[in-house]
Amino acid sequence: MDEDRRQALETTTRWEPGEAEARIFSRWRESGAFDPPPEGTPEENFSIAIPPPNVTGALHMGHALNGTVQDALVRLRRMEGRKALWILGTDHAGIATQAVVEKQLRAEGIDRHELGREAFVERVWEWRREYGGQIVEQYQRLGASCDYERERFTLDEDYVRAVIKVFASLYEKGLIYRDNYMVNWDPGTSSAISDLEVVNREVTDTLYEIDYPIEGSDEVLTVATVRPETMLADTAVAVNPDDERYGSLVGGHVTLPLVGRRLPVIADEHVDVEFGTGALKITPGHDPADFEIGRRHGLEEISVIGEDGRMTAAAGERFAGMTTTEANAAVVEALRDEGRIRDERPYEHSVPFSERSGERIEPLISLQWFCRMDELAAPAIEAVERDEVRIVPESYKRVYLNWMREIRPWCISRQLWWGHQIPVWYGPGGEEVVAETPELAREAAAERGIDPDALRRETDVLDTWFSSALWPFATLGWPEDTPHLRAFYPTSFLTTAREIIFLWVARMVMMGIEFAGAIPFRDVYVHPVVQAPDGRRMSKSLGTGIDPLDEIDVHGADALRFGMLAISSTQDVRYSPERVQQGRDLATKMWNASRLILLNAGDARPAPRTERPEDRWILTRLDAAVAGFEASIEGYDFAHAVLGFYAFLWSEFCDWYLEIVKPRLYDGDPDAAANLLHVLDQVLRLAHPAMPFVTEEIWGYLPDREQLLIVSPKPSRDPSLVDSEAASAIEREIEQVREVRRWRDLVGVPAAAVLEARIEGELPEFVTRLARLQRSEAGGEAIATIGPVEILASGDVDADGARERIEAERERLRGEIERIERKLGNQGFVAKAPPEVVEGERKKLADYRAELDRLG
RNA sequence: GGGCGGUUAGCUCAGCUGGUCGAGAGCACUCGCUUUACACGCGAGGGGUCGCCGGUUCGAAUCCGGCACCGCCCACCA
């Protein structure tokens with residue numbers, strides 16, 4: 001070690017991540033470790049396609065957790081010698097990005113329509129060039145070992161080609177079609193959105209009961225509704241076929257108040273006899289359930305609410321042009337004037353809202369593009385049923401399957417400008433021409449006898465999730481047969497938030513099988529949602545958000561990564577600043593333990609040494625730590641992996657082994673130095689996937705290190721170094737030290753006092769040293785007996801306190817003995833419990849009795 | 001309305017194929033330490049009717065049933 005480095009080690013007593021992280025990250029990146037050559041097979045290699053963050057996004061705790069998990073795995077696999085590729089990229093995020101730029105424009109007093117589509121889209125691209133890289137840089141702060149050389153974007157030219165190809169193919173198969181259908185209209189974004197983008201919230205509305213006069217009678221049929229304004233579009237009233245009250249009315253008619261339309265009374269199973277009056281007004285144009293009923297019965301579909309959220313001409317002169325809220329009041333008032341309102345009361349029910357804009361969904365019939373999913377779903381269901389795609393935790397497997405088995409058509413068109421414009425051109429007669437480019441569209445049109453000059457391109461874009469569904473293979477170059485696709489598809493692992501299992505994961509499985517010919521990934525790990533420390537949602541608007549970058553600034557990336565892994569669980573977790581601090585403390589601990597070893601190891605080289613029992617002990621424990629870490633990781637149990645490592649490093653290695661070997665190290669014992677360096681070397685390899693920066697930094701101080709830790713092999717396990725007998729002997733001796741210390745503390749012996757003690761038989765040097773005892777052959781009464789140690793009276797010991805302590809210990813032992821005697825006296829236990837359990841209890845009993853004897 | 005998960009120390013969580021768990025970790029707390037790696041430290045300690053009720057069992061935090069809260073997902077009862 002050169003003088004400067006030695007100096008640095010001698011004077012720095014803390015791990016200081018600030019300067020080191022950036023420096024180390026650059027070295028990794030320059031080393032080429034992040035972008036493996038596309039060689040070998042997907043089975044031999046390891047790959048992950050990052051869940052592409054939105055270009056508009058900033059790194060939040062969800063990314064921090066999910067990024068740490070992915071990076072830990074990629075690093076571990078890389079250290080196994082595999083080609084490990086972590087594909088990086090961002091999502092164009094249609095609505096979110098368009099909204100950001102629209103807001104910017106509004107600030108300048110510009111409406112996007114003034115700008116026009118082309119100029120607007122150019123503005124968005126400008127925005128993305130300027131700000132779109134932010135989140136990628138933030139992932140770097142985390143230490144993410146992604147392939148930054150091949151960053152992808154879902155609107156890259158190649159990517160657009162892949163999307164169009166998929167669209168065209170599904171269209172040709174008849175799975176994609178255009179239809180007038182009930183959609184979730186979001187007045188906030190002025191676009192249709194899919195079922196998955198709708199959230200239901202409890203709302204208190206007023207439930208009105210309205211009388212509809214029965215034709216040819218003085219009676220009325222009373223219906224209940226929370227949206228009286230939709231009555232203007234009613235085209236029937238339905239009752240349950242088994243409802244005896246109304247049987248005679250079915251087939252007859254009622255008159256729609258205010259409008260005067262004749263409405264047939266129909267019978268449909270959907271109607272709940274119990275609810276309200278048991279008669280349901282049917283509005284096929286503005287209610288999803290009524291729409292279905294309407295189609296079943298061939299009812300007329302009337303639209304009285306337009307896409308602008310206002311009443312249309314079909315609503316009648318009196319109401320046309322009103323907003324739905326105004327119309328609601330006006331209709332109620334009109335009905336009241338006519339004496340049609342029988343009852344009204346507050347009513348709490350769940351109402352759909354747009355997840356994106358927060359506005360109440362307006363169900364209406366609209367001409368949109370849909371994708372039929374059942375055919376695509378079938379093989380995707382099988383893949384999961386057969387565990388070709390494995391979902392962890394397993395409970396989500398059923399969630400996935402249930403949803404997939406009842407999958408419904410997907411509304412894929414969006415009335416936005418930012419996104420993949422649907423590659424369809426309409427001829428003058430409404431003919432649909434699907435083509436990859438305008439030129440090809442003209443050619444195709446000409447072939448079909450359609451005037452190419454009359455073609456008009458569809459203005460809608462595709463749902464962002466349509467392009468996301470292709471992510472694992474489109475990022476690798478599909479539809480071209482690229483080396484990357486051959487080497488890394490299917491990918492190995494996907495980690496994802498629960499809420500996008502349907503939105504994204506399920507669709508990737510379907511598209512992967514359909515287009516790339518194979519499942520997109522083997523394992524899906526559903527990561528927990530990170531909540532604020534108080535259990536609330538982490539959100540900027542609530543003020544409960546914690547910025548991972550702030551945490552990195554203060555504690556370092558390793559600390560945050562450790563914390564993230566340590567809180568990770570199969571259920572949602574609260575962010576724990578204490579766990580992050582624990583990570584920071586661990587990094588410092590590693591740093592300081594390394595200083596001790598490196599500054600005292602002389603010119604030793606790392607090598608396991610097995611001459612002494614304590615050396616065999618630590619090698620045995622190291623082996624167990626490695627085994628435990630790997631087993632946990634294989635089960636995606638990151639918390640146990642990282643906490644197990646913590647316990648080994650802190651307690652066994654630092655608290656005990658380092659203390660035990662210190663004198664040998666200071667005396668220049670080459671075996672001690674070699675063994676310490678060896679264990680340190682292995683510890684760094686073990687911890688690197690979780691805490692890459694501090695381990696890489698320390699690694700550089702080890703002798704003869706020519707390659708970076710990031711590309712070095714993971715810890716090797718050698719069964720010949722394991723000696724469980726030595727291990728338990730050392731553990732007994734450690735317990736002996738603790739017993740003596742406990743006694744000393746209780747009795748109030750000054751910490752620094754070294755006590756004279758007679759010791760029966762042999763006891764390793766470290767026991768007396770760490771317990772602060774001095775072997776003596778003197779006679780006289782022992783003031784305390786702790787195992788083979790008899791402590792002699794001295795001025796440092798409070799004799800009364802000692803006696804109390806001994807009596808308390810006797811009491812404890814008597815209690816234990818009594819408990820076991822009772823257990824063994826139980827016939828049922830002796831007869832039915834497994835023999836080894838009974839034997840174990842007998843042995844404990846004997847041990848306790850011997851111990852009690854010793855105390856006199 | 002269906003389904004899933006949770007309820008264990010002051011806080012956040014482990015343990016839950018029944019016995020070694022008459023229960024652990026981190027933080028917080030108490031006492032003692034300038035012990036030549038580390039006070040982001042060292043040593044020792046206190047603290048829990050394992051949500052409630054019942055059952056199975058020789059034995060239950062751990063299995064079964066019921067109840068009570070809390071959370072999440074799915075769902076076209078107006």
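All values below come from the heavy atoms of this structure, side chains included, with hydrogens, waters and symmetry mates left out. Throughout, a chain's letter reflects where its sequence line sits, starting with A, and its residues are numbered from 1.
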Have a look at [X] and say if it touches a base, only the backbone sugar-phosphate, or nothing, with a 4.0 Å heavy-atom cut-off.
X        : value
A:Arg772 : base
A:Lys662 : base
A:Thr225 : sugar-phosphate
A:Leu643 : nothing

Under 4.0 Å between a side-chain N or O of A:Arg738 and OP1 or OP2 of B:rA44?
->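 So the side chain of A:Arg738 is within the cut-off, an N or O lying under 4.0 Å from OP1 or OP2 of B:rA44.
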Main-chain N/O of A:Leu596 paired with A:Asn600 side-chain donor or acceptor, under 3.5 Å |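 Checking the backbone N and O of A:Leu596 against the side chain of A:Asn600, a donor-acceptor pair under 3.5 Å is found.
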Quick check: does any side chain N or O of A:Ser724 sit under 3.5 Å from a backbone N or O of A:Ala727, one acting as donor and the other as acceptor?
->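 A pair under 3.5 Å: no.
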Proximal nucleotide (of [options]) relative to the [X] side chain:
X        : options                : value
A:Lys589 : B:rG41, B:rC76, B:rG32 : B:rG41
A:Ala224 : B:rC74, B:rA78, B:rG41 : B:rA78
A:Thr13  : B:rG43, B:rC77, B:rC38 : B:rC38
A:Arg584 : B:rC40, B:rG32, B:rA44 : B:rC40

Does A:Leu207 or A:Ala593 map to a spot on RNA chain B nearer the 5' end, using the closest nucleotide for each?
->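 Comparing both residues, the 5'-ward one is A:Ala593.
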Quick one: on RNA chain B, does A:Phe275 or A:Cys654 contact a more 5' nucleotide (nearest heavy atom)?
->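 So the residue in question is A:Cys654.
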If the sugar-phosphate is the primed atoms plus P, OP1 and OP2 and the base is the rest, what is the B/S/- string for nucleotides 10-20 of chain B, using protein heavy atoms under 4.0 Å?
-> --SSSS---BS
Using purine N1 to pyrimidine N3 plus N6-O4 or O6-N4 for Watson-Crick, or N1-O2 and O6-N3 for G-U wobble, both under 3.5 Å, which nucleotide pairs with [N]?
N      : result
B:rG47 : none
B:rG71 : B:rC4
B:rA14 : none
B:rC42 : B:rG32

